[in-house]
There are 2 protein chains.
Amino acid sequence: MTDQADPGKGSSNVTRPFQASSEDRVYARLRSAIVKRYIGPGKQLVEESLARQLGVSRTPVRAAIRRLVYDGFVEVVPHRGAFVIRPTRREIEDAFAVRIGLERMAARLAAGCVSPEDLACLDELIEEEAVTFGYRNVEAYYRVNDAFHLKLAEASGNRTLRKFVADVLARVNIYLILFDPFMRLEVNPSPEQHRDIVNALRRRDPAGAEEAVRRHLENTLAGLELDKVAEQYPDDYLAV
Amino acid sequence: MTDQADPGKGSSNVTRPFQASSEDRVYARLRSAIVKRYIGPGKQLVEESLARQLGVSRTPVRAAIRRLVYDGFVEVVPHRGAFVIRPTRREIEDAFAVRIGLERMAARLAAGCVSPEDLACLDELIEEEAVTFGYRNVEAYYRVNDAFHLKLAEASGNRTLRKFVADVLARVNIYLILFDPFMRLEVNPSPEQHRDIVNALRRRDPAGAEEAVRRHLENTLAGLELDKVAEQYPDDYLAV
DNA sequence: TACACAGAAATTGTATACACTACTACCAGG
DNA sequence: CCTGGTAGTAGTGTATACAATTTCTGTGTA
């Protein structure tokens with residue numbers, strides 16, 4: 001079909017600045033708005049309205065929405081519109097099961113090839129995590145927490161695995177933010193469990209790392225207030 | 001942000017015709033062209049040129065390309081263009097590792113909740129598979145083979161898992177088609193191995209099903225002519 | 001009142017024009 | 001010959017206008 005040459009993967013070694021495009025900015029803002037529940041579950045994303053509010057045209061808004069669909073935050077009905085998902089309890093548990101499976105695999109692999117730099121980076125992230133939790137800075141906390149799990153996936157050395165972990169993490173995050181009550185807790189068990197994982201990696205213990213991940217994530221899942229899922233959608237009372 | 005109501009998930013029970021949009025048609029054609037190697041690895045997808053050839057505007061072409069990016073068939077460089085991926089041997093093996101992990105999980109879960117209808121459907125797909133292989137109908141064969149693995153994932157009852165299996169399957173498929181020499185074989189070991197999987201499910205044997213999947217997929221991976229990966233990109237000789 | 005139907009309104013889907021960026025080829029100066 | 005700069009060009013990024021589809025609303029009829 002087309003006949004052009006290839007991009008020459010490494011033709012340029014410099015890391016160019018690549019200022020964020022409108023689409024990227026719109027995507028980031030929409031995603032953040034959904035995660036913070038400014039746009040609640042079930043609400044419609046109207047392209048023109050969002051374009052006006054964000055001061056851009058429909059084109060980048062539309063593209064950003066498609067990315068959100070891909071991430072699993074939004075569902076589209078052709079010729080009808082895009083709507084923020086309303087996850088069911090079952091969907092949350094299912095997504096978590098996939099996450100656990102993928103992260104266990106990552107931990108097992110990482111135990112075999114983790115570098116001292118990786119370990120240092122993971123240690124550092126655990127420290128940051130404790131600090132941000134101390135300040136009750138929700139957004140920063142989730143960012144650091146994500147970074148830890150992504151670093152773990154990266155340490156597996158399997159790029160595809162890292163991408164899939166990133167995907168399922170994004171998907172699970174919205175559930176976490178909707179239903180995770182942990183910010184109300186006095187102490188956060190997460191850093192301790194993260195340390196267990198890193199220690200197993202340091203011992204080069206695949207089974208131990210895998211098990212530590214399993215424990216940690218099942219703990220996280222158990223901590224969600226899933227019995228509150230139904231209450232989260234007041235509109236449902238009208239819908240019946 | 002927006003204030004509209006929800007889509008009322010099941011407000012309309014009728015399944016509407018939903019004729020395929022331009023974007024869908026372009027997506028299907030591009031994907032098929034890549035899979036059939038009409039557009040080889042490394043080649044650029046130029047929006048305007050494709051739009052002319054397909055008789056549509058750039059808009060649906062652009063959207064279709066983004067979907068291909070999401071599927072992992074294509075990579076984009078901002079302000080430069082979209083290029084068909086050139087998988088390395090490592091990437092192929094990595095993707096396969098993820099696939100094995102996810103499908104093992106699916107088999108394990110499916111053993112616990114598979115229905116007689118599911119089993120019948122799987123049996124049927126194995127039959128079809130043998131037939132299409134007999135006719136050496138490559139395209140039909142891959143379609144049926146995919147259907148089998150997707151049905152297996154579906155039988156797990158975990159929707160998220162099904163989606164992730166579909167994703168990794170799409171990603172692995174392009175590798176299979178580029179490097180799988182099996183159509184030259186006299187006999188195809190796949191149906192037999194598929195039968196092993198289904199039999200384990202019928203016995204409600206999670207460990208057995210998982211193991212059968214592992215054997216089957218590791219077999220498939222081993223069958224790829226991965227030592228030919230390098231030769232697949234003649235342009236590389238120029239690029240050095 | 002219930003129902004069918006036509007027209008209007010809202011929103012997405014597509015086409016097209018323009019803006020911006022990155023790369024290329026060429027030319028002058030060392 | 002090599003280096004650096006400078007139009008020119010190819011191709012993406014964005015804005016806007018128009019077409020198509022769906023849903024809503026009101027009106028007429030049984």
Side-chain angles (χ1 to χ4, degrees), chain A residues 1-30 43-69 74-84 239, chain B residues 1-30 39 43-69 74-84 238-239:
Chain A
M1 288 200 133
T2 99
D3 235 357
Q4 277 79 6
D6 73 317
K9 257 178 180 171
S11 63
S12 159
N13 287 328
V14 295
T15 324
R16 272 159 300 185
F18 277 155
Q19 78 170 17
S21 64
S22 294
E23 179 187 324
D24 292 334
R25 287 193 301 272
V26 171
Y27 171 78
R29 289 203 53 178
L30 285 182
K43 288 290 183 297
Q44 183 170 7
L45 300 170
V46 178
E47 296 174 3
E48 190 169 328
S49 151
L50 292 170
R52 262 201 316 274
Q53 294 177 65
L54 297 170
V56 296
S57 79
R58 272 181 58 207
T59 311
V61 172
R62 194 175 166 78
I65 288 177
R66 294 311 158 99
R67 279 168 68 180
L68 292 169
V69 169
V74 163
E75 286 173 347
V76 305
V77 184
H79 284 113
R80 185 95 206 277
F83 304 84
V84 177
Chain B
M1 285 203 146
T2 97
D3 234 359
Q4 279 77 8
D6 72 318
K9 256 175 180 171
S11 64
S12 158
N13 288 326
V14 295
T15 325
R16 272 158 300 186
F18 277 158
Q19 78 171 19
S21 64
S22 296
E23 180 189 321
D24 292 335
R25 286 194 301 272
V26 171
Y27 171 78
R29 289 203 53 178
L30 286 182
I39 313 178
K43 288 290 182 301
Q44 183 171 6
L45 299 171
V46 179
E47 296 175 2
E48 190 168 328
S49 152
L50 292 170
R52 262 202 316 275
Q53 294 176 66
L54 296 170
V56 297
S57 79
R58 272 181 58 208
T59 310
V61 172
R62 193 176 166 79
I65 289 176
R66 295 310 158 99
R67 277 168 71 180
L68 291 169
V69 170
V74 164
E75 286 173 347
V76 305
V77 185
H79 284 115
R80 236 292 348 250
F83 304 85
V84 177
L238 307 172

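Chain naming here is simple, since letters A, B, ... match the order of the sequence lines and numbering starts at 1 in each.
Taking atom CG on Leu50(B) and atom C1' on dA10(D), their separation rounds to 15 Å, with Å as the unit.
Every residue meeting the side-chain contact (heavy atoms from CB on, under 4.5 Å) condition with Arg62(A), not counting sequence neighbours, appears here in chain and number order: Glu47(A), Arg58(A), Arg66(A). For Thr59(B), the side-chain contact (heavy atoms from CB on, under 4.5 Å) partners are Ser57(B), not counting sequence neighbours. For Glu23(A), the side-chain hydrogen bond (donor to acceptor under 3.5 Å, both in side chains) partners are Arg67(A), not counting sequence neighbours.
A donor-acceptor pair shorter than 3.5 Å can be found between the side chains of Arg25(A) and Ser22(A).
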Fill in the blank from the handout: With B for base contact, S for sugar-phosphate-only contact and - for none (protein heavy atoms under 4.0 Å), nucleotides 12-17 of chain C reads BBBBBB
Handout entry: Intra- and inter-strand pairs of DNA chain D in dot-bracket (Watson-Crick or G-U wobble, both distances under 3.5 Å; | for another strand)
Key = ||||||||||||||||||||||||||||||
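Taken from CD1 in Ile39(B) to CZ in Phe83(B), the straight-line distance is 13.0 Å, to the nearest 0.5 Å.
Contact record, Val61(B) with Val26(B): CA-CG1, 4.0 Å, taken as the closest heavy-atom pair.
Inter-residue side-chain proximity for Leu30(B) and Val74(B) is flagged as unmet; no heavy-atom pair is nearer than 4.5 Å.
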